[in-house]
Amino acid sequence: MSVLYTADCMYVNNQFKKDQGIYVMDGVIKEIGSKYKLLEKYKGIQTVDWKGKALLPGTVNAHNHSFQSLLRGIAVDRPFLEWRDQALYRYTPFLDEEAIYTGALFAFGEMLKYGVTTVSDFFYVHNGGIATDEAVIQAAKDLGIRLVFARTMYDWEGAPASYRETVSEAVSRTRQLAIKYQGDPMVSIQPAPHSPHAASPEMIQAGHRLAKELGTPFHIHVAEETFEVDETLEKYGLRPVHYLDSLGVVDESMIAIHLVWLDDSEIELLGRKKASLAYCPSSNMFLSDGVTRIPDLLQAGVRVSLGSDGACSNNRISIFEEMRMCSLLQKVTRLDGTCINAKQVYDMGTKIGSELLQLPTGEIREGMKADFVTLDLNDLSLSPKSELFANVVYSLQPNAIVDVIVDGKLIVENRKITTIPEKSIVTRVDSLMEKWKSVTN
């Protein structure tokens, strides 16, 4: 199917250009240029003219836990371990396939409305198999979001049984899913040993080996909390990044999550080994984790993407929001308004996230997937239009997002999800909450 999209302006080649068009065939961007020339060249094909709108690449959520949207608002204003026990661990026994599917619809639907076209879902409630994994994947397919399924490998005995697997089980099941979805343009499977705290050395190394076998990155939480640093020092005599390096897993395939509590030597090592970061500033603030040293990591050569983390440790799941939070948090922590800029955080939330996840998205460029959003140029949050790029990063409100296209398909049209009605998702969530209320009170 061929479609010609035109808009008043488009973010292409690192700038907004007026009166541009995109020719899309079978979900791939084939040509970009003056809308007048393209309209003349492609007479007769379907044309969508977005007057009064700007067209941008869709954002990339590099780290999320979809089921946690069901727990939003539970155990707020608590220290990390209390939050974990009262929200995550308390409700884990109720997370069957139906609940997981509902939570994924909820999370992915909200993300889509806020301009996320790709999400990496770090998922660990396996319940002894892959049925719940498949429920997340099915929700993504039903809604139409592009999914990286970061299948978590978790064997810490202190965690709920539904999270835990043996090393061989985790490898076998992750490989099984990877084989099944190999070549699927909308689903990628990537290994994700949970963390130095919740995955054994053998599990972490197995996840790294599997990523090499599959040709993918692997994802791992690292140094989110001070207790994790203390634990690796006590058990192994090493700080977290040095411990992981001793296992042979710190390299270009590693996407570390958080990296809050690092010393200078760890930052240097990560840069030298070409590791990457999925940074979740709002979640780190909400859980009072601390502040990741983003300017130092960038200077060392670490590539940085943005994630929302789960909605019960952030409460919003918008990457446009994380762009703003990343910049402001770094500026106020450093007392330096120049330590990071709008272009850097915008790229983190778009093309760098796609590059780290090995996806042909995140930019409006020929050969890339047709994943993009439109913004209402007459929305108050984007005025004055003379400063449009800065306003996208620092002042954009969700109501300015009008349409969302993923893989060339219109998934959100005029602020409404086209695939699964928003009301039906809310009804599912309400019904589930009533069911849980009856068994938790």
Side-chain angles (χ1 to χ4, degrees), residues 61 63-111 119-127 132-133 135-136 139 150 152 154-164 192 194-195 197-199 219-228 231 257-258 260 278 280-290 307-318 321-322 325 425-426 428-441:
N61 188 346
H63 184 70
N64 177 250
H65 306 286
S66 59
F67 77 90
Q68 291 186 13
S69 284
L70 297 171
L71 308 178
R72 183 160 63 187
I74 296 173
V76 298
D77 307 325
R78 296 286 188 273
F80 177 86
L81 294 177
E82 285 186 30
W83 163 84
R84 182 196 69 182
D85 292 346
Q86 294 177 23
L88 293 184
Y89 286 7
R90 181 185 178 197
Y91 286 89
T92 288
F94 310 118
L95 294 171
D96 56 15
E97 290 171 52
E98 177 189 3
I100 293 296
Y101 177 78
T102 297
L105 285 181
F106 180 22
F108 299 156
E110 185 173 9
M111 282 181 217
V119 58
S120 174
D121 202 48
F122 195 111
F123 183 75
Y124 50 84
V125 189
H126 302 306
N127 289 342
T132 50
D133 303 357
V136 174
T152 311
Y154 203 131
D155 61 353
W156 175 51
E157 292 184 358
S162 58
Y163 301 178
R164 303 195 309 261
H194 185 275
S195 61
H197 168 70
H219 305 242
I220 182 168
H221 295 101
V222 182
E224 180 180 5
E225 294 281 334
T226 53
F227 81 81
E228 299 174 38
E231 186 176 88
I257 321 299
H258 301 305
V260 178
C280 307
S282 293
S283 176
N284 292 162
M285 286 188 278
F286 184 85
L287 294 175
S288 63
D289 291 336
S308 65
D309 214 347
C312 67
S313 66
N314 175 335
N315 298 45
R316 295 181 180 178
I317 43 179
S318 161
E321 170 102 351
E322 298 307 314
M325 290 297 102
I425 297 174
V426 173
R428 287 185 69 104
V429 173
D430 289 346
S431 176
L432 185 64
M433 292 301 104
E434 285 298 314
K435 179 181 176 182
W436 283 3
K437 185 178 179 181
S438 67
V439 295
T440 55
N441 287 348

- Please report the closest heavy-atom contact between N284 and G290, naming both atoms and the distance. CB-O, 3.6 Å

- Quick one: sort the Y154 and Y124 rings into parallel, tilted or perpendicular, breaks at 30° and 60°. tilted

- Parallel, tilted or perpendicular for F122 and H65, by the 30°/60° rule? perpendicular

- Just checking, is any N or O donor in the side chain of N314 or S308 under 3.5 Å from an acceptor N or O on the other one? no

- Out of curiosity, S195 OG to H219 NE2, how far, rounded to the nearest 0.5 Å? 14.5 Å

- Show your reasoning for whether side-chain contact (heavy atoms from CB on, under 4.5 Å) applies to T132 and L95. CA-CA 9 Å; T132 50; L95 294 171; over 6 Å; no

- The side chain to side chain donor-acceptor pair (under 3.5 Å) partners of N127 (sequence neighbours excluded) come to none

- Note on the structure: Output for pair (Y91 OH, Q68 CD), nearest 0.5 Å, gives 14.0 Å

- Task: Please report the closest heavy-atom contact between I317 and S69, naming both atoms and the distance.
- Result: CD1-OG, 4.0 Å

- Task: Report the C-alpha distance between D309 and F286 in whole Å, list the side-chain angles of each, state the deciding distance to 0.1 Å, and finish with yes or no for side-chain contact (heavy atoms from CB on, under 4.5 Å).
- Result: CA-CA 11 Å; D309 214 347; F286 184 85; over 6 Å; no

- Query: Residues in side chain to side chain donor-acceptor pair (under 3.5 Å) with S282, at least two apart?
  - Reply: E322

- Item | E225/R84 ion pair, N-O < 4.0 Å | no

- Message: Do Q86 and I74 make a side-chain contact, defined as non-hydrogen atoms from C-beta onward lying under 4.5 Å apart?
- Response: no

- Query: Centroid-to-centroid, H197 to H221, below 6.0 Å?
  - Reply: no

- Message: Within the structure provided, determine whether R90 and D85 are in side-chain contact (heavy-atom separation under 4.5 Å).
- Response: no

- Message: Can you confirm whether M325 sits close enough to M285 that some side-chain heavy atom of one is under 4.5 Å from a side-chain heavy atom of the other?
- Response: yes

- Query: Please, which pairs that meet salt bridge (charged side-chain N to carboxylate O under 4.0 Å, His left out) have at least one residue in residues 92-109, sequence neighbours excluded?
  - Reply: E98-K435

- Item | Validation row: W83, D77 side chains within 4.5 angstrom (heavy atoms) | no

- Task: Using only heavy-atom distances, determine whether the side chains of H126 and D133 contain a donor-acceptor pair under 3.5 Å.
- Result: yes

- Message: I want to check something: taking the side chain as every heavy atom from C-beta on, are I220 and I257 in contact at a cut-off of under 4.5 Å?
- Response: no

- Task: Under the side-chain contact (heavy atoms from CB on, under 4.5 Å) rule, what do T102 and L70 come out as? Steps first, then yes or no, please.
- Result: CA-CA 8 Å; T102 297; L70 297 171; 4.3 Å; yes

- Can any side-chain N or O of D121 pair as donor or acceptor with the backbone N or O of S66 at less than 3.5 Å? yes

- Among side-chain atoms of S283 and S313, is any donor-acceptor pair under 3.5 angstrom? yes

- Just by distance, do the side chain of R72 and the backbone of C312 share a donor-acceptor pair under 3.5 Å? no

- Task: Can you see which heavy atom on A198 is nearest to which on H194, and at what distance?
- Result: CB-ND1, 3.4 Å

- Message: side-chain contact (heavy atoms from CB on, under 4.5 Å) for L432 and F94? Distances and angles first, verdict last.
- Response: CA-CA 10 Å; L432 185 64; F94 310 118; over 6 Å; no

- Item | Residues Y163, T92; criterion side chain to side chain donor-acceptor pair (under 3.5 Å); working and verdict | CA-CA 9 Å; Y163 301 178; T92 288; 2.6 Å; yes

- Query: Given side chains that start at C-beta, do those of F106 and V426 come closer than 4.5 Å, heavy atoms only?
  - Reply: no

- Would you say the side chain of V136 lies within less than 4.5 Å of the side chain of Y101, judging by non-hydrogen atoms? no

- Query: Between E224 and L287, is any pair of side-chain heavy atoms under 4.5 Å apart?
  - Reply: yes

